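Everything numeric in this text was worked out from a predicted model, so none of it was measured. Just so you know, these numbers use all the heavy atoms, side chains as well, and skip hydrogens, waters and symmetry mates. In what follows, chains are A, B, ... by sequence order, proteins preceding strands, each numbered from 1.
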Protein chains: 2
Amino acid sequence: MALGSQEKILEAAHSLFEEKGFSGVTMREISDKSGMNKGLLHYYFKSKQAIFLGVFKSVIRIMFVNISGILERTDIDFDTKIELMIDAYYSMLTKHPKLPLFVLSELSKIKEFTSNTEIPNTLKDASKLIEENLGKYKKVNEGDGFHFLINLISLCVFPFIAQPMLQVVKPNKEESYSDFLASRKSHIKNILIHAYK
Amino acid sequence: MALGSQEKILEAAHSLFEEKGFSGVTMREISDKSGMNKGLLHYYFKSKQAIFLGVFKSVIRIMFVNISGILERTDIDFDTKIELMIDAYYSMLTKHPKLPLFVLSELSKIKEFTSNTEIPNTLKDASKLIEENLGKYKKVNEGDGFHFLINLISLCVFPFIAQPMLQVVKPNKEESYSDFLASRKSHIKNILIHAYK
DNA sequence: GTCTATATCATGATAGAC
DNA sequence: GTCTATCATGATATAGAC
């Protein structure tokens, strides 16, 4: 798959921004990593912020695309839905372990140009699905649908974003941190299913 | 409490770094916010990194000081320990909601000068306490002590650091996000106590 | 200890040749 | 579309007067 110049720029920018954040990356670095001339960056994008926005929008989609699909399904029971959502998060996190920390970190810094972006709209779509799909399961108490979702996401995502800190604290050094993360998958399923039974 | 020049610099730097990250802050900003002359910054600290390191060390201490104390206690039972630890995290997070995201984000970027810092040592201290104190409770399965600790931290901390994203997704708009966070406190206690019973 | 002045370099962005 | 050259600015850091 031969990438066009614009794609090359976005791809290089993606990996750089994800690693160092918006203000930690220079146009020169994006130019070097993508192999594209510095002038070209400004031919395709009017500014550094514009490149960042392009990256950020695609990254948000990666974060939510699998999960939305599962939330929408009505042909499976509660326990299966839990399993599939955890699988979906793990699939995303295994492919893109640094992605959630990047998104959350940048989102907390962006104040000025939040309104310029379509980010909130992309997110808001998930909001209805939560209420509609989780609310009707008897095992979830009235109004606890959102708690449930947050619990699931917290238990899956946090150990990934806190890896740099937790792998230092981890007691059993014979087991690698990625093995530990993998072992958590069934652990999380058990906890959630028991907690809501 | 009159602050010395060095403290003024660190205090201003703390709030700026926490908000915008290492590379998002300039020496000029620290100078302006602290009211200290730009030249003075270099009189007290040899570089921007040195200021950052001073801030980072104090911030790590804030994150762990309360929790370590509770882990060390042997005069209380399992359920009480859960409650106190959640209270300790909530106390810390309410005072410093942006602190964990800042620490984790910077920690994931720091590669080069990790070894120069004492950060890992500060963290490693918590490691022993986990095994020694949680391992002897019968309710925790063999080897699940670390899982338990990660669950507790994930459920407490993640909703704070993901606030910019989750408050957009949140379905019940009548309830504020901080009210939701507060209501989670008892929710988390219930889940953890039930899950390990 | 505090300040001004300045050195040195890197930054994002533009203009214009090809 | 692609490239070079350059601008204007802002960055960290230093030297030295007071």
Roughly how many Å is it from [atom1] in [X] to [atom2] in [N], rounded to a whole number?
{"X": "B:Leu41", "N": "D:dA15", "atom1": "CG", "atom2": "C1'", "result": "16 Å"}
{"X": "B:Phe45", "N": "C:dG1", "atom1": "CZ", "atom2": "P", "result": "12 Å"}
{"X": "B:Lys48", "N": "D:dA11", "atom1": "NZ", "atom2": "C1'", "result": "9 Å"}
{"X": "A:Glu29", "N": "C:dA13", "atom1": "CD", "atom2": "P", "result": "15 Å"}
{"X": "A:Ile51", "N": "C:dG12", "atom1": "CD1", "atom2": "P", "result": "9 Å"}
{"X": "B:His42", "N": "C:dA7", "atom1": "NE2", "atom2": "P", "result": "17 Å"}
{"X": "A:Phe22", "N": "C:dT11", "atom1": "CZ", "atom2": "P", "result": "13 Å"}
{"X": "B:Met36", "N": "C:dT4", "atom1": "CE", "atom2": "C1'", "result": "16 Å"}

For a side-chain contact (heavy atoms from CB on, under 4.5 Å) with [X], tell me which candidate from [options] qualifies.
{"X": "A:Lys189", "options": "A:Leu152, A:Ile86, A:Asp79", "value": "A:Ile86"}
{"X": "A:Gln163", "options": "A:Phe158, A:Tyr177, A:Phe180", "value": "A:Tyr177"}
{"X": "A:Tyr44", "options": "A:Gln6, A:Met36, A:Glu7", "value": "A:Gln6"}

Salt bridge (charged side-chain N to carboxylate O under 4.0 Å, His left out) against B:Glu11, all qualifying residues, sequence neighbours excluded: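 Counting only residues at least two positions away or on another chain, B:Glu11 forms no salt bridge (charged side-chain N to carboxylate O under 4.0 Å, His left out).
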
For D:dT2, does OP1 or OP2 lie under 4.0 Å from any side-chain N or O of A:Ser5?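 It does, given that an N or O in the side chain of A:Ser5 lies less than 4.0 Å from OP1 or OP2 of D:dT2.
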
If the cut-off is 4.0 Å, is A:Ser47 near the phosphate of C:dG12, judged by side-chain N/O to OP1 or OP2?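 For C:dG12, neither OP1 nor OP2 has a side-chain N or O of A:Ser47 closer than 4.0 Å.
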
Reading DNA chain D from 5' onward, which residue's closest nucleotide shows up sooner: B:Arg28 or A:Gly35?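 The 5'-side residue here is A:Gly35.
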
Could you tell me whether the side chain of B:Ser58 and the main chain of B:Val55 form a donor-acceptor pair under 3.5 Å?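 Yes, the answer is positive, given that a donor and an acceptor are paired below the 3.5 Å cut-off.
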
Look only at the side chain of A:Asp144 and the backbone of A:His147, and say whether a donor-acceptor pair between them is shorter than 3.5 Å.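 The answer is no, because no donor-acceptor pair under 3.5 Å joins these two groups.
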
Closest to the [X] side chain, choosing from [options]:
{"X": "A:Thr26", "options": "C:dG1, D:dT2, C:dG12", "result": "C:dG12"}
{"X": "B:Tyr43", "options": "C:dT11, C:dT2, D:dA11", "result": "C:dT2"}
{"X": "A:Met27", "options": "C:dA13, D:dT12, D:dT2", "result": "C:dA13"}

What's touching nucleotides 4-8 of chain D from the protein side, N or O pairs under 3.5 Å?
from  : atom 1 : to      : atom 2 : distance (Å)
D:dT4 : OP2    : A:Asn37 : ND2    : 3.1

Tell me which pairs pass ring-ring contact (aromatic ring centres under 6.0 Å, His included) where either residue lies in residues 79-101 of chain A, with sequence neighbours left out.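 Output for this query lists A:Tyr90-A:Phe160.
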
